[in-house]
Amino acid sequence: MAGGLVVVLGAGVGVWASGDEDVRTPAGSAAARQTSDGGSAPEKGDQAGTGTAAGPTPTRSYALSQAPQTIPAVRAHTPARGPGWRPAAQHRVVVSDADLADEGRLIAGELGMAYAGERDDVRAGDLRLALNDDEGANPESYTMTVRGGRVTVSGPSDAGVFYGTRTLKQEVHGGGTAPEGVVRDEPAKAQRGLMLDIARKHFTADWIEDRIRELGDLKFNQLGLHFSDDQAFRIESDTHPEIVSPQHLTKAQVKGIVDLAASRHITVVPEIDSPGHLGAVLAAHPDLQLRNAQGVPTRGAIDISKDASAALLDDLLDEYAGLFPGGQWHLGGDEYQALTVSDPEASYPQLAAAARERYGSGATVADLATGWLNDRADTVRPHDRTMRAWNDGFFRGTSVKAADDLVVAYWTGKEIGARPPVEYLSAGRKVVNYNDEYLYYVLGEPQTFVYPTGERIYEQWTPRILRGTTPVPARYDDQILGATFAVWCDLANSQTQDQVAAGIRMPLRATVQKLWDPGQPSLTWAQFRALADRLG
């Protein structure tokens, strides 16, 4: 300010500087905004900016910066003194590697800045995105440095750099200032997902794309689509158009969803559940419906003793592998109704006979079901996917063992012959957490389900709580790859899709907080909720 000296007082402020020490006003203060917008503080030896030499004299002082408040919270922040950074239309986004062009264009558009491409020069206000050669680092990690009126986000991969831009976007939301200093951040868990049951309830492509944008900003990296069930089959098919429900997504719409997800470093994980939950497929193929010894059809179950059943499923798996190019696949495997009766061999003699023919005289229907799962894995494996199956598709005491590379999608302990999570973990299986106690949003709250709350997830759940409310021992933590919050549409008309979006808003934020850092959060739930409201 011409003709006067502003000294900002307060906690950690009011530092008097002399010599070459870089000490400035607190980030976000009026004085900081003036300086960062082009005004100048009095120079050393320039009394009150008048040009009269007199030294040493005070200059503006900056408080030590505070860690940014984001969702999920950053893991580490080294504070510094300085004005911080805010975007401006005349500022540039530049990249040090052409592979970061997509990330650069996205954040430039979001912050109203100019994307300038690959540049080596340095200008005031720049946001620079860069790849580093930090071998062995978490590929989703990043470092963000705010210093001297510029920002640099670097990471070992474009995913890590993207997450750094998400942190920056939250920091400056609503006219905020990115605090001076260095953020070093990375997720605790590599898989952070939302699953949508689009089979029982049709969700529009636009609504799904809105969820993808939301997930990307929160640093989720998977979107599961359960698109086949008893009620409907919801994606266009070229190999079997007869199974597709009237309300469905076209392949063009799915490609748009997959492409948008990829731009946010989100893998779309498709699921065609089998050998159960195939009612919509079987409606067009009644000859493949499983029937018991009395000829009564079994809901949703395909007859796995028939070669035509396997051929139909393999047609679909091969077809959709081309539509969903990501590295993950969900095979389903749960709730095959032939295995929920007291004596499967007596109730389904054709399955028992097929099991004995294929696997020997002592083989059971559970062996045949395990073989079905392994055969479907053999179909998907050449497409270079990592495959998962629901935990109740793995059986104890069978002569046929589930393929070693199948990941357990653990959701419940309510099935017949339930196996506790430690049984899978102690056998060396990797697990994704879908705990139905905390992470299941079931429309209409049927059976014993209640809508999960963000508060309960935030305060009580961790990735090691796979079943019920008790965590597995810490020694198994590395085998737990992450978790997925699941929306199931059992009573599809209980909520509109907009009500679903509102209902899962805070649970999603709480879930990703605990996947990014499973430790005790620094904010109370009330503070976390207020932060979420402020960030939008």
Side-chain angles (χ1 to χ4, degrees), residues 189 191 193-197 199-200 222 224 226 228-231 269 271 273-278 299-301 330-342 344 366 369-370 373 387-398 402 406-427 429-453 456-457 460-473 476 479-491 504 507 511 514-515:
K189 292 299 178 183
Q191 297 191 25
L194 166 66
M195 191 225 77
L196 296 173
D197 172 11
R200 293 181 178 91
Q222 290 185 2
H226 175 94
S228 169
D229 214 299
D230 295 340
Q231 292 78 1
V269 185
E271 181 191 0
D273 201 348
S274 79
H277 292 281
L278 283 170
R299 177 176 169 80
H330 202 316
L331 292 169
D334 65 313
E335 297 181 328
Y336 189 48
Q337 296 302 306
L339 292 167
T340 63
V341 298
S342 59
T370 303
L373 186 65
M387 296 163 290
R388 67 187 71 169
W390 299 112
N391 62 285
D392 50 332
F394 295 78
F395 306 106
R396 180 192 290 123
T398 55
L406 291 181
V407 173
V408 177
Y410 198 98
W411 71 280
T412 192
K414 299 171 184 173
E415 74 275 16
I416 295 173
R419 302 171 68 189
V422 168
E423 190 170 324
Y424 301 95
L425 294 165
S426 63
R429 291 272 181 196
K430 294 178 180 178
V431 176
V432 176
N433 189 332
Y434 287 78
N435 186 333
D436 64 348
E437 176 77 19
Y438 291 94
L439 306 180
Y440 261 36
Y441 191 94
V442 185
L443 295 198
E445 300 181 308
Q447 303 177 53
T448 59
F449 290 108
V450 296
Y451 292 129
T453 67
R456 190 161 181 254
I457 296 167
Q460 299 178 22
W461 179 79
T462 73
R464 286 199 291 119
I465 301 177
L466 290 162
R467 171 178 171 178
T469 60
T470 304
V472 299
Y476 295 120
Q479 289 172 243
I480 300 170
L481 304 178
T484 294
F485 186 89
V487 176
W488 293 103
C489 301
D490 292 43
L491 300 175
I504 67 176
T511 299
K514 302 303 277 291
L515 288 169

Quiz prompt | side chain to side chain donor-acceptor pair (under 3.5 Å) partners for Gln222, two or more places apart | solution = Gln191, Arg388
Quiz prompt | Leu339 and Ile416, any side-chain heavy atoms less than 4.5 Å apart | solution = no
Quiz prompt | Qualifying residues under ring pair (Phe, Tyr, Trp, His ring centres under 6.0 Å), relative to Phe485, sequence neighbours excluded | solution = none
Quiz item: With Arg299, which residues qualify under side chain to side chain contact (heavy atoms under 4.5 Å, CB included), at least two apart?
Solution: Asp230, Gln231
Quiz prompt | Closest non-hydrogen atom pair, Phe395 against Ala369 | solution = CE1-CB, 4.0 Å
Exercise. List in chain and number order the residues that pass side chain to side chain donor-acceptor pair (under 3.5 Å) with Thr398, two or more places apart in sequence or in another chain; answer none if no residue qualifies.
Key: none
Exercise. Would you give the length of the straight line joining atom CG of Leu439 to atom CD1 of Ile504, rounded to the nearest 0.5 angstrom?
Key: 12.5 Å
Self-check item: Lys414 vs Asp436, side-chain contact (heavy atoms from CB on, under 4.5 Å): CA-CA, chis, key distance, verdict
Solution: CA-CA 10 Å; Lys414 299 171 184 173; Asp436 64 348; 3.4 Å; yes
Quiz item: Would you say the side chain of Arg467 lies within less than 4.5 Å of the side chain of Val472, judging by non-hydrogen atoms?
Solution: no
Quiz item: Can you tell me how far the CG atom of Asn435 sits from the OG1 atom of Thr462, to the nearest 0.5 Å?
Solution: 9.5 Å
Exercise. Decide yes or no on side-chain contact (heavy atoms from CB on, under 4.5 Å) for Trp390 and Asp273, but give the supporting numbers first.
Key: CA-CA 9 Å; Trp390 299 112; Asp273 201 348; 4.1 Å; yes
Quiz item: Which heavy atom of Gly417 sits nearest a heavy atom of Arg396, and at what distance?
Solution: O-NH1, 3.7 Å
Self-check item: side chain to side chain donor-acceptor pair (under 3.5 Å) partners for Glu445, two or more places apart
Solution: none
Practice problem: Using atom types as modelled and distance alone, determine if a side-chain donor or acceptor of Asn391 lies under 3.5 Å from a backbone N or O of Val408. | Solution: no
Quiz item: Is any side-chain heavy atom of Tyr440 closer than 4.5 Å to a side-chain heavy atom of Thr412?
Solution: no
Quiz item: Should Thr469 and Arg456 be marked as a side-chain contact (heavy atoms from CB on, under 4.5 Å) after you check the CA-CA gap, both sets of side-chain angles, and the distance that decides it?
Solution: CA-CA 11 Å; Thr469 60; Arg456 190 161 181 254; 4.0 Å; yes
Quiz item: Can you list the steps and then say if Leu194 with Val487 is a side-chain contact (heavy atoms from CB on, under 4.5 Å)?
Solution: CA-CA 8 Å; Leu194 166 66; Val487 176; 4.1 Å; yes
Quiz item: To the nearest 0.5 Å, how far apart are CG in Leu466 and CG in Asn433?
Solution: 4.5 Å
Quiz item: In Å, rounded to the nearest 0.5 Å, how long is the span from CZ of Arg429 to CZ of Arg419?
Solution: 8.0 Å
Exercise. Heavy atoms only: give me the nearest Tyr438-Gly468 pair and the separation to one decimal.
Key: CE1-O, 3.3 Å
Exercise. Could you tell me which residues satisfy side chain to side chain contact (heavy atoms under 4.5 Å, CB included) with Lys189, sequence neighbours excluded, listed by chain and number?
Key: Pro463, Asp477, Ile480, Leu515
Self-check item: Residues which pass side chain to side chain contact (heavy atoms under 4.5 Å, CB included) with Gln479, listed by chain and number, not counting sequence neighbours
Solution: Leu425, Tyr476
Practice problem: Kindly write out the residues that satisfy ring pair (Phe, Tyr, Trp, His ring centres under 6.0 Å) with His226, not counting sequence neighbours, or none if the list is empty. | Solution: Trp488
Exercise. Run the ring-centre check on Tyr441 versus Tyr451 and record whether the distance is less than 6.0 Å.
Key: yes
Exercise. Look only at the side chain of Tyr424 and the backbone of Tyr410, and say whether a donor-acceptor pair between them is shorter than 3.5 Å.
Key: no
Quiz item: Looking at residues at least two apart in the chain, or sitting in another chain, which of them share a side chain to side chain donor-acceptor pair (under 3.5 Å) with Arg200?
Solution: Asp197, Asp229
Self-check item: Closest approach of Gly393 to Leu373 (non-hydrogen atoms, all atoms of both residues)
Solution: O-CD2, 3.9 Å
Practice problem: Sequence neighbours left out, what pairs pass salt bridge (charged side-chain N to carboxylate O under 4.0 Å, His left out) with at least one residue falling in residues 481-490? | Solution: none
Identify each donor-acceptor pair in which a side-chain atom of residues 331-338 lies under 3.5 Å from a protein atom, sequence neighbours left out, and give them as a table.
| from | atom 1 | to | atom 2 | distance (Å) |
| --- | --- | --- | --- | --- |
| Asp334 | OD2 | His277 | NE2 | 3.3 |
| Glu335 | OE1 | His277 | NE2 | 2.7 |
| Tyr336 | OH | Ile302 | O | 2.6 |
| Gln337 | OE1 | Thr340 | OG1 | 3.4 |
| Gln337 | NE2 | Glu335 | O | 3.1 |

Practice problem: Apply side chain to side chain contact (heavy atoms under 4.5 Å, CB included) to Ala427 and list each qualifying residue two or more places apart in sequence or on a separate chain. | Solution: none
Exercise. State, to 0.1 Å, how close Thr370 and Ala402 come at their nearest heavy-atom pair, and which atoms those are.
Key: CG2-N, 3.5 Å
Quiz item: For the residue pair Thr511 and Trp461, what are the closest heavy atoms and their distance?
Solution: O-CZ3, 4.2 Å
